[in-house]
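Quick notes on the structure that follows.
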There are 2 protein chains.
Amino acid sequence: MQVSNRFSIAIHMFACMEYFKKDYKITGDFIASSVGVNPVIIRKITSQLRDAGLVNVTRGTGGISASRAPEEITLLDVFNAVDSLDEGRLFSFHENPNSNCPVGSHIHLILDDKLERVQQAMERELSSMTIADVIRDTDKYVGKTAE
Amino acid sequence: MQVSNRFSIAIHMFACMEYFKKDYKITGDFIASSVGVNPVIIRKITSQLRDAGLVNVTRGTGGISASRAPEEITLLDVFNAVDSLDEGRLFSFHENPNSNCPVGSHIHLILDDKLERVQQAMERELSSMTIADVIRDTDKYVGKTAE
DNA sequence: ATTGGCGTAACTGTTGACATTACAACAAAA
DNA sequence: TTTTGTTGTAATGTCAACAGTTACGCCAAT
(Lines give C-alpha, C1' and ligand atoms only; values in the text may rest on other atoms or scores of the structure.)
Protein backbone atom coordinates (compact mmCIF):
# COMPACT_ATOMS: atom_id res chain seq x y z
CA MET A 1 0.00 0.00 0.00
CA GLN A 2 1.27 3.42 -0.90
CA VAL A 3 0.01 6.91 -1.44
CA SER A 4 -0.26 7.61 -5.17
CA ASN A 5 2.60 9.54 -6.70
CA ARG A 6 0.05 12.16 -7.75
CA PHE A 7 0.80 13.69 -4.36
CA SER A 8 4.53 14.11 -4.89
CA ILE A 9 3.86 15.29 -8.44
CA ALA A 10 1.34 17.89 -7.26
CA ILE A 11 3.80 19.37 -4.80
CA HIS A 12 6.49 19.37 -7.47
CA MET A 13 4.04 21.29 -9.65
CA PHE A 14 3.58 24.00 -7.04
CA ALA A 15 7.33 24.26 -6.63
CA CYS A 16 7.67 24.80 -10.38
CA MET A 17 4.86 27.32 -10.54
CA GLU A 18 6.39 29.49 -7.87
CA TYR A 19 10.00 29.07 -8.81
CA PHE A 20 9.59 29.77 -12.52
CA LYS A 21 6.62 32.10 -12.59
CA LYS A 22 8.67 35.22 -13.20
CA ASP A 23 10.69 33.80 -16.05
CA TYR A 24 8.44 31.40 -17.91
CA LYS A 25 4.85 30.80 -18.83
CA ILE A 26 3.87 27.81 -16.76
CA THR A 27 2.10 25.35 -19.03
CA GLY A 28 1.26 21.72 -18.53
CA ASP A 29 3.98 20.70 -20.95
CA PHE A 30 6.54 22.84 -19.14
CA ILE A 31 5.70 21.20 -15.83
CA ALA A 32 5.57 17.74 -17.43
CA SER A 33 9.12 18.22 -18.59
CA SER A 34 10.33 19.05 -15.09
CA VAL A 35 8.36 16.26 -13.43
CA GLY A 36 9.23 13.71 -16.07
CA VAL A 37 5.81 12.33 -16.95
CA ASN A 38 3.38 12.53 -19.84
CA PRO A 39 1.64 15.94 -20.11
CA VAL A 40 -1.78 14.31 -19.78
CA ILE A 41 -0.87 13.20 -16.29
CA ILE A 42 -0.14 16.82 -15.42
CA ARG A 43 -3.41 17.96 -16.97
CA LYS A 44 -5.40 15.47 -14.93
CA ILE A 45 -3.76 16.52 -11.70
CA THR A 46 -4.20 20.14 -12.71
CA SER A 47 -7.92 19.48 -13.05
CA GLN A 48 -8.06 17.96 -9.59
CA LEU A 49 -6.23 20.93 -8.11
CA ARG A 50 -8.52 23.31 -9.97
CA ASP A 51 -11.63 21.46 -8.73
CA ALA A 52 -10.28 21.83 -5.21
CA GLY A 53 -9.77 25.54 -5.77
CA LEU A 54 -6.01 25.42 -5.35
CA VAL A 55 -4.93 26.62 -8.80
CA ASN A 56 -6.20 28.87 -11.58
CA VAL A 57 -5.95 27.59 -15.11
CA THR A 58 -6.44 29.72 -18.17
CA ARG A 59 -7.56 27.73 -21.12
CA GLY A 60 -6.51 28.45 -24.66
CA THR A 61 -3.58 30.69 -24.09
CA GLY A 62 -2.39 28.52 -21.29
CA GLY A 63 -1.00 29.09 -17.85
CA ILE A 64 -1.31 27.54 -14.41
CA SER A 65 -0.85 29.39 -11.13
CA ALA A 66 -1.65 28.94 -7.47
CA SER A 67 -4.94 30.55 -6.55
CA ARG A 68 -3.93 31.38 -2.98
CA ALA A 69 -0.87 32.52 -1.12
CA PRO A 70 1.56 29.62 -0.54
CA GLU A 71 1.12 29.97 3.22
CA GLU A 72 -2.56 29.21 2.79
CA ILE A 73 -2.18 25.95 0.92
CA THR A 74 -1.41 23.10 3.28
CA LEU A 75 -0.06 19.75 2.21
CA LEU A 76 -3.32 18.29 3.48
CA ASP A 77 -5.20 20.47 0.99
CA VAL A 78 -3.05 19.04 -1.78
CA PHE A 79 -3.39 15.50 -0.48
CA ASN A 80 -7.16 15.67 -0.34
CA ALA A 81 -7.29 17.20 -3.80
CA VAL A 82 -5.31 14.52 -5.60
CA ASP A 83 -5.48 11.40 -3.48
CA SER A 84 -8.89 11.25 -1.94
CA LEU A 85 -9.49 8.45 0.53
CA ASP A 86 -12.45 6.17 -0.07
CA GLU A 87 -15.32 7.67 1.89
CA GLY A 88 -12.79 9.90 3.62
CA ARG A 89 -11.30 7.01 5.56
CA LEU A 90 -7.65 6.03 5.58
CA PHE A 91 -8.39 2.49 6.76
CA SER A 92 -10.66 0.09 4.98
CA PHE A 93 -12.71 -2.24 7.13
CA HIS A 94 -13.89 -5.81 6.53
CA GLU A 95 -17.52 -5.49 5.60
CA ASN A 96 -19.29 -8.49 7.04
CA PRO A 97 -18.32 -9.13 10.65
CA ASN A 98 -20.60 -11.74 12.16
CA SER A 99 -23.42 -9.96 13.95
CA ASN A 100 -24.16 -13.10 15.94
CA CYS A 101 -20.68 -13.09 17.44
CA PRO A 102 -20.12 -10.89 20.46
CA VAL A 103 -16.78 -9.72 19.09
CA GLY A 104 -17.94 -9.44 15.50
CA SER A 105 -20.99 -7.39 16.44
CA HIS A 106 -18.90 -4.89 18.41
CA ILE A 107 -15.73 -4.67 16.36
CA HIS A 108 -16.58 -1.30 14.89
CA LEU A 109 -17.22 0.12 18.33
CA ILE A 110 -13.88 -1.26 19.43
CA LEU A 111 -11.78 -0.19 16.47
CA ASP A 112 -13.23 2.91 14.84
CA ASP A 113 -11.83 5.42 17.31
CA LYS A 114 -8.36 3.91 17.10
CA LEU A 115 -8.27 4.07 13.32
CA GLU A 116 -9.62 7.60 13.50
CA ARG A 117 -6.79 8.61 15.82
CA VAL A 118 -4.18 7.39 13.36
CA GLN A 119 -5.80 9.15 10.44
CA GLN A 120 -6.02 12.37 12.43
CA ALA A 121 -2.35 12.14 13.35
CA MET A 122 -1.48 11.89 9.69
CA GLU A 123 -3.78 14.74 8.72
CA ARG A 124 -2.49 16.91 11.53
CA GLU A 125 1.06 16.52 10.30
CA LEU A 126 0.05 17.14 6.69
CA SER A 127 -1.77 20.31 7.63
CA SER A 128 1.18 21.61 9.63
CA MET A 129 3.18 22.11 6.44
CA THR A 130 2.36 24.42 3.55
CA ILE A 131 3.47 25.17 0.04
CA ALA A 132 5.34 28.11 1.53
CA ASP A 133 7.60 25.60 3.31
CA VAL A 134 8.17 23.84 0.00
CA ILE A 135 9.06 27.13 -1.70
CA ARG A 136 11.39 28.08 1.12
CA ASP A 137 13.27 24.82 0.80
CA THR A 138 13.32 25.11 -2.97
CA ASP A 139 15.06 28.46 -2.67
CA LYS A 140 17.31 27.04 0.00
CA TYR A 141 18.50 24.05 -2.00
CA VAL A 142 18.32 25.39 -5.55
CA GLY A 143 19.27 28.99 -4.99
CA LYS A 144 16.99 31.90 -5.67
CA THR A 145 18.04 32.46 -9.26
CA ALA A 146 17.40 30.00 -12.02
CA GLU A 147 20.56 28.22 -13.11
CA MET B 1 -6.07 4.96 -1.59
CA GLN B 2 -6.78 2.96 1.49
CA VAL B 3 -5.02 0.67 3.91
CA SER B 4 -5.91 -2.94 3.11
CA ASN B 5 -8.62 -4.45 5.26
CA ARG B 6 -6.11 -7.08 6.32
CA PHE B 7 -5.25 -4.65 9.07
CA SER B 8 -8.75 -4.42 10.54
CA ILE B 9 -9.11 -8.17 10.12
CA ALA B 10 -5.83 -8.84 11.92
CA ILE B 11 -6.89 -6.79 14.91
CA HIS B 12 -10.27 -8.50 14.91
CA MET B 13 -8.38 -11.78 15.00
CA PHE B 14 -6.44 -10.79 18.11
CA ALA B 15 -9.67 -9.67 19.78
CA CYS B 16 -11.16 -13.11 19.07
CA MET B 17 -8.08 -14.97 20.24
CA GLU B 18 -8.07 -13.24 23.59
CA TYR B 19 -11.77 -13.04 24.15
CA PHE B 20 -12.56 -16.67 23.36
CA LYS B 21 -9.36 -18.42 24.35
CA LYS B 22 -10.75 -19.82 27.59
CA ASP B 23 -13.90 -21.24 26.06
CA TYR B 24 -13.03 -22.34 22.54
CA LYS B 25 -10.23 -23.73 20.47
CA ILE B 26 -9.26 -20.83 18.23
CA THR B 27 -9.02 -22.17 14.70
CA GLY B 28 -8.88 -20.36 11.39
CA ASP B 29 -12.43 -21.42 10.62
CA PHE B 30 -13.64 -20.17 13.96
CA ILE B 31 -12.10 -16.75 13.38
CA ALA B 32 -13.28 -16.69 9.78
CA SER B 33 -16.82 -17.09 11.01
CA SER B 34 -16.52 -14.12 13.35
CA VAL B 35 -14.76 -11.92 10.80
CA GLY B 36 -17.06 -12.92 7.97
CA VAL B 37 -14.55 -13.90 5.30
CA ASN B 38 -13.28 -17.06 3.63
CA PRO B 39 -11.06 -19.15 5.93
CA VAL B 40 -8.18 -18.96 3.46
CA ILE B 41 -8.03 -15.20 3.99
CA ILE B 42 -7.57 -15.84 7.69
CA ARG B 43 -4.91 -18.44 7.03
CA LYS B 44 -2.96 -16.03 4.85
CA ILE B 45 -3.06 -13.30 7.45
CA THR B 46 -2.20 -15.84 10.10
CA SER B 47 0.92 -16.71 8.12
CA GLN B 48 1.91 -13.05 7.93
CA LEU B 49 1.43 -12.62 11.68
CA ARG B 50 3.40 -15.80 12.32
CA ASP B 51 6.24 -14.64 10.07
CA ALA B 52 6.33 -11.41 12.06
CA GLY B 53 6.50 -13.39 15.30
CA LEU B 54 3.20 -12.14 16.63
CA VAL B 55 1.28 -15.41 16.87
CA ASN B 56 1.95 -19.05 17.45
CA VAL B 57 0.21 -21.56 15.24
CA THR B 58 0.06 -25.24 15.96
CA ARG B 59 -0.31 -27.26 12.86
CA GLY B 60 -2.28 -30.44 12.67
CA THR B 61 -4.41 -30.21 15.74
CA GLY B 62 -4.96 -26.56 15.18
CA GLY B 63 -4.94 -23.45 17.29
CA ILE B 64 -3.78 -19.84 17.01
CA SER B 65 -2.64 -17.68 19.89
CA ALA B 66 -0.74 -14.50 20.49
CA SER B 67 2.94 -15.13 21.06
CA ARG B 68 3.45 -12.16 23.37
CA ALA B 69 1.58 -10.32 26.06
CA PRO B 70 -1.07 -8.02 24.57
CA GLU B 71 0.72 -4.98 25.99
CA GLU B 72 3.74 -5.88 23.92
CA ILE B 73 2.03 -6.00 20.56
CA THR B 74 1.52 -2.54 19.16
CA LEU B 75 -0.83 -1.72 16.33
CA LEU B 76 2.26 -0.73 14.37
CA ASP B 77 3.58 -4.27 14.76
CA VAL B 78 0.35 -5.58 13.30
CA PHE B 79 0.32 -2.99 10.54
CA ASN B 80 3.84 -3.80 9.44
CA ALA B 81 3.08 -7.51 9.54
CA VAL B 82 0.06 -7.47 7.25
CA ASP B 83 0.26 -4.29 5.20
CA SER B 84 3.86 -3.66 4.43
CA LEU B 85 4.65 -0.43 2.63
CA ASP B 86 6.63 -0.64 -0.59
CA GLU B 87 10.27 -0.19 0.41
CA GLY B 88 9.04 0.92 3.81
CA ARG B 89 7.71 4.18 2.49
CA LEU B 90 4.17 5.45 2.90
CA PHE B 91 4.47 7.86 -0.03
CA SER B 92 5.39 6.86 -3.52
CA PHE B 93 7.46 9.30 -5.54
CA HIS B 94 7.50 10.06 -9.25
CA GLU B 95 10.54 8.30 -10.59
CA ASN B 96 11.98 10.47 -13.33
CA PRO B 97 12.20 14.10 -12.31
CA ASN B 98 14.20 16.07 -14.86
CA SER B 99 17.79 16.22 -13.68
CA ASN B 100 18.43 19.16 -15.99
CA CYS B 101 15.78 21.24 -14.26
CA PRO B 102 16.82 23.07 -11.09
CA VAL B 103 13.58 22.09 -9.39
CA GLY B 104 13.46 18.57 -10.78
CA SER B 105 17.01 17.83 -9.74
CA HIS B 106 16.39 18.92 -6.15
CA ILE B 107 12.83 17.76 -5.57
CA HIS B 108 13.87 14.80 -3.42
CA LEU B 109 15.97 17.04 -1.21
CA ILE B 110 12.99 19.35 -0.87
CA LEU B 111 10.31 16.76 -0.24
CA ASP B 112 11.76 13.68 1.40
CA ASP B 113 11.93 15.05 4.93
CA LYS B 114 8.35 16.29 4.77
CA LEU B 115 7.00 12.93 3.64
CA GLU B 116 9.08 11.26 6.30
CA ARG B 117 7.54 13.46 8.97
CA VAL B 118 4.03 12.45 7.95
CA GLN B 119 4.90 8.78 7.93
CA GLN B 120 6.51 9.05 11.35
CA ALA B 121 3.44 10.79 12.74
CA MET B 122 1.32 7.89 11.56
CA GLU B 123 3.71 5.29 12.92
CA ARG B 124 4.01 7.07 16.23
CA GLU B 125 0.25 6.99 16.69
CA LEU B 126 0.06 3.34 15.63
CA SER B 127 2.75 2.36 18.09
CA SER B 128 1.05 4.22 20.93
CA MET B 129 -1.77 1.67 20.97
CA THR B 130 -1.51 -2.03 21.70
CA ILE B 131 -3.59 -5.17 21.53
CA ALA B 132 -4.13 -4.70 25.26
CA ASP B 133 -6.11 -1.56 24.46
CA VAL B 134 -8.17 -3.54 21.99
CA ILE B 135 -8.84 -6.24 24.57
CA ARG B 136 -9.77 -3.69 27.19
CA ASP B 137 -12.33 -2.11 24.88
CA THR B 138 -13.62 -5.50 23.84
CA ASP B 139 -14.34 -6.30 27.46
CA LYS B 140 -15.78 -2.85 27.93
CA TYR B 141 -18.24 -3.01 25.04
CA VAL B 142 -19.01 -6.72 24.91
CA GLY B 143 -18.87 -7.58 28.57
CA LYS B 144 -16.39 -9.92 30.10
CA THR B 145 -18.45 -13.08 29.74
CA ALA B 146 -19.35 -14.62 26.42
CA GLU B 147 -23.01 -14.16 25.54
C1' DA C 1 -5.02 -44.88 9.94
C1' DT C 2 -8.24 -41.42 10.47
C1' DT C 3 -9.43 -36.80 11.20
C1' DG C 4 -9.40 -31.93 11.85
C1' DG C 5 -6.94 -28.08 10.72
C1' DC C 6 -2.98 -25.37 8.85
C1' DG C 7 -0.04 -24.12 4.44
C1' DT C 8 -0.02 -22.80 -0.02
C1' DA C 9 -0.40 -22.93 -5.02
C1' DA C 10 -3.41 -21.74 -8.73
C1' DC C 11 -7.02 -19.35 -10.70
C1' DT C 12 -10.58 -15.73 -11.19
C1' DG C 13 -12.59 -11.14 -10.98
C1' DT C 14 -12.28 -6.46 -9.78
C1' DT C 15 -10.22 -2.23 -9.09
C1' DG C 16 -6.94 1.53 -9.38
C1' DA C 17 -2.53 3.59 -10.99
C1' DC C 18 0.00 5.05 -14.67
C1' DA C 19 0.74 5.95 -19.44
C1' DT C 20 -0.33 7.20 -24.14
C1' DT C 21 -2.94 8.62 -28.36
C1' DA C 22 -6.34 11.29 -30.25
C1' DC C 23 -9.28 14.92 -30.66
C1' DA C 24 -12.53 18.56 -29.10
C1' DA C 25 -12.87 23.14 -26.88
C1' DC C 26 -11.03 27.36 -26.07
C1' DA C 27 -8.73 32.07 -26.10
C1' DA C 28 -5.47 35.12 -27.68
C1' DA C 29 -2.71 36.86 -31.35
C1' DA C 30 -1.64 37.42 -36.16
C1' DT D 1 -11.15 35.24 -38.77
C1' DT D 2 -7.98 31.97 -39.18
C1' DT D 3 -4.10 30.21 -36.94
C1' DT D 4 -1.78 28.56 -33.02
C1' DG D 5 -0.77 26.91 -28.62
C1' DT D 6 -2.90 25.03 -24.78
C1' DT D 7 -6.19 22.80 -21.76
C1' DG D 8 -9.99 19.13 -21.21
C1' DT D 9 -11.23 14.59 -21.64
C1' DA D 10 -12.53 10.16 -23.70
C1' DA D 11 -10.71 5.75 -25.05
C1' DT D 12 -7.42 2.27 -24.62
C1' DG D 13 -3.67 -0.63 -22.78
C1' DT D 14 -0.65 -2.47 -19.25
C1' DC D 15 0.32 -3.77 -14.83
C1' DA D 16 -0.04 -4.75 -9.95
C1' DA D 17 -2.62 -5.38 -5.72
C1' DC D 18 -6.59 -7.02 -3.35
C1' DA D 19 -10.03 -10.20 -2.39
C1' DG D 20 -12.14 -14.46 -2.91
C1' DT D 21 -12.39 -19.40 -3.91
C1' DT D 22 -11.10 -24.27 -4.97
C1' DA D 23 -8.04 -27.78 -4.38
C1' DC D 24 -4.81 -30.44 -2.27
C1' DG D 25 -0.62 -31.44 0.46
C1' DC D 26 1.19 -31.63 5.14
C1' DC D 27 1.00 -32.24 9.94
C1' DA D 28 -0.09 -33.93 14.68
C1' DA D 29 -3.01 -35.91 17.99
C1' DT D 30 -6.39 -39.31 18.88
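Because only heavy atoms are used, hydrogens play no part in the values below, and waters and symmetry mates are left out as well, while side chains stay in. These numbers come from a predicted model, not from an experiment. Throughout, protein chains are lettered first and strands after them, A, B, ... in sequence-line order, and every chain is numbered starting at 1.
- The shortest distance between side-chain heavy atoms of B/Glu71 and B/Ile131 does not fall below 4.5 Å.
- Rounded to an integer number of Å, the gap from B/Gln48 CD to D/dA19 P is 10 Å.
- Side chain of A/Val40, nearest nucleotide from C/dA22, C/dA28, D/dT7: C/dA22.
- In the helix from C/dA1-D/dT30 to C/dA30-D/dT1, the end axes, each obtained as the rotation axis mapping the C1' atoms of four pairs onto the next four within a five-pair block, lie 10° apart to the nearest 10 degrees.
- Between the side chain of B/Arg59 and the base of C/dG5 there is no donor-acceptor pair of N/O atoms closer than 3.5 Å.
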Considering only nitrogen or oxygen atoms on both sides, find all protein atoms under 3.5 Å from nucleotides 15-17 of chain C and state each distance.
residue: C/dA17; atom: OP1; partner: A/Arg6; partner atom: NH2; Å: 3.2

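- Taking side-chain N and O atoms only, A/Lys44 has no distance below 4.0 Å to OP1 or OP2 of C/dC18.
- Note: CG (A/Asp51) to C1' (D/dT7) measures 13 Å, nearest angstrom.
- Atoms CG (A/Asp29) and P (C/dT21) sit 13 Å apart, rounded to a whole Å.
- Taking the side chain of A/Thr27 as heavy atoms from C-beta on, and the options D/dT6, D/dG20, C/dT8, the nearest nucleotide is D/dT6.
- Placement of B/Leu49 and B/Val40 in two distinct hydrophobic clusters is found when ILVMFWY residues are connected by side-chain heavy-atom separations under 4.5 Å, directly or transitively.
- Minimum atom distance to the side chain of A/Asn38 is reached by C/dT21, of the listed C/dA9, C/dT21, D/dT6.
- Checking B/His106, B/His94, B/His108 one by one against A/His12, the ring pair (Phe, Tyr, Trp, His ring centres under 6.0 Å) holds for a single residue, B/His94.
- For the residue pair A/Arg50 / A/Ser47, a side-chain donor-acceptor distance below 3.5 Å is found, with atom types taken as modelled.
- A side-chain donor-acceptor contact under 3.5 Å links A/Ser67 to the backbone of A/Gly53.
- Checked by atom type and distance alone, the side chain of A/Gln2 pairs as donor or acceptor with a backbone atom of B/Arg89 at under 3.5 Å.
- Separating the CD1 atom of A/Ile64 from the P atom of D/dG5 is a distance of 17 Å, rounded to the nearest angstrom.
- Residue-level contact check: A/Val57 touches the backbone only, with heavy atoms under 4.0 Å from sugar-phosphate atoms and none from bases.
- Remark: P of D/dG20 and NE2 of A/His94 are 11 Å apart, rounded to the nearest angstrom.
- For C/dT8, the base has a donor-acceptor partner in the side chain of B/Arg43 [N/O atoms by modelled type, under 3.5 angstrom].
- A distance-only check finds a donor-acceptor pair linking the side chain of B/Asp133 to the backbone of B/Thr130 [under 3.5 Å].
- A/Asn96 places its CG atom 13 Å from the P atom of D/dA19, with the value rounded to the nearest Å.
- Ring geometry, B/Phe7 versus B/Phe79: the interplanar angle exceeds 60°, so the pair is classed perpendicular (tilted spans 30 to 60°).
- Distance from the side chain of B/Ile41 is smallest for D/dG20 among the nucleotides D/dG20, C/dG7, C/dA27.
- C/dC6 atom C1' lies 15 Å from atom CD1 of B/Ile45, rounded to whole Å.
- Taking B/Glu125 as the reference, A/Arg117 meet the salt bridge (charged side-chain N to carboxylate O under 4.0 Å, His left out) condition, with sequence neighbours excluded.
- In this entry the distance linking CG of B/Asn56 with P of C/dG5 reads 19 Å, nearest Å.
- In terms of phosphate contacts, B/Arg50 brings no side-chain nitrogen or oxygen within less than 4.0 Å of OP1 or OP2 of C/dC6.
- The main-chain N or O of B/Thr74 is found under 3.5 Å from a side-chain atom of B/Asp77 such that the two form a donor-acceptor pair.
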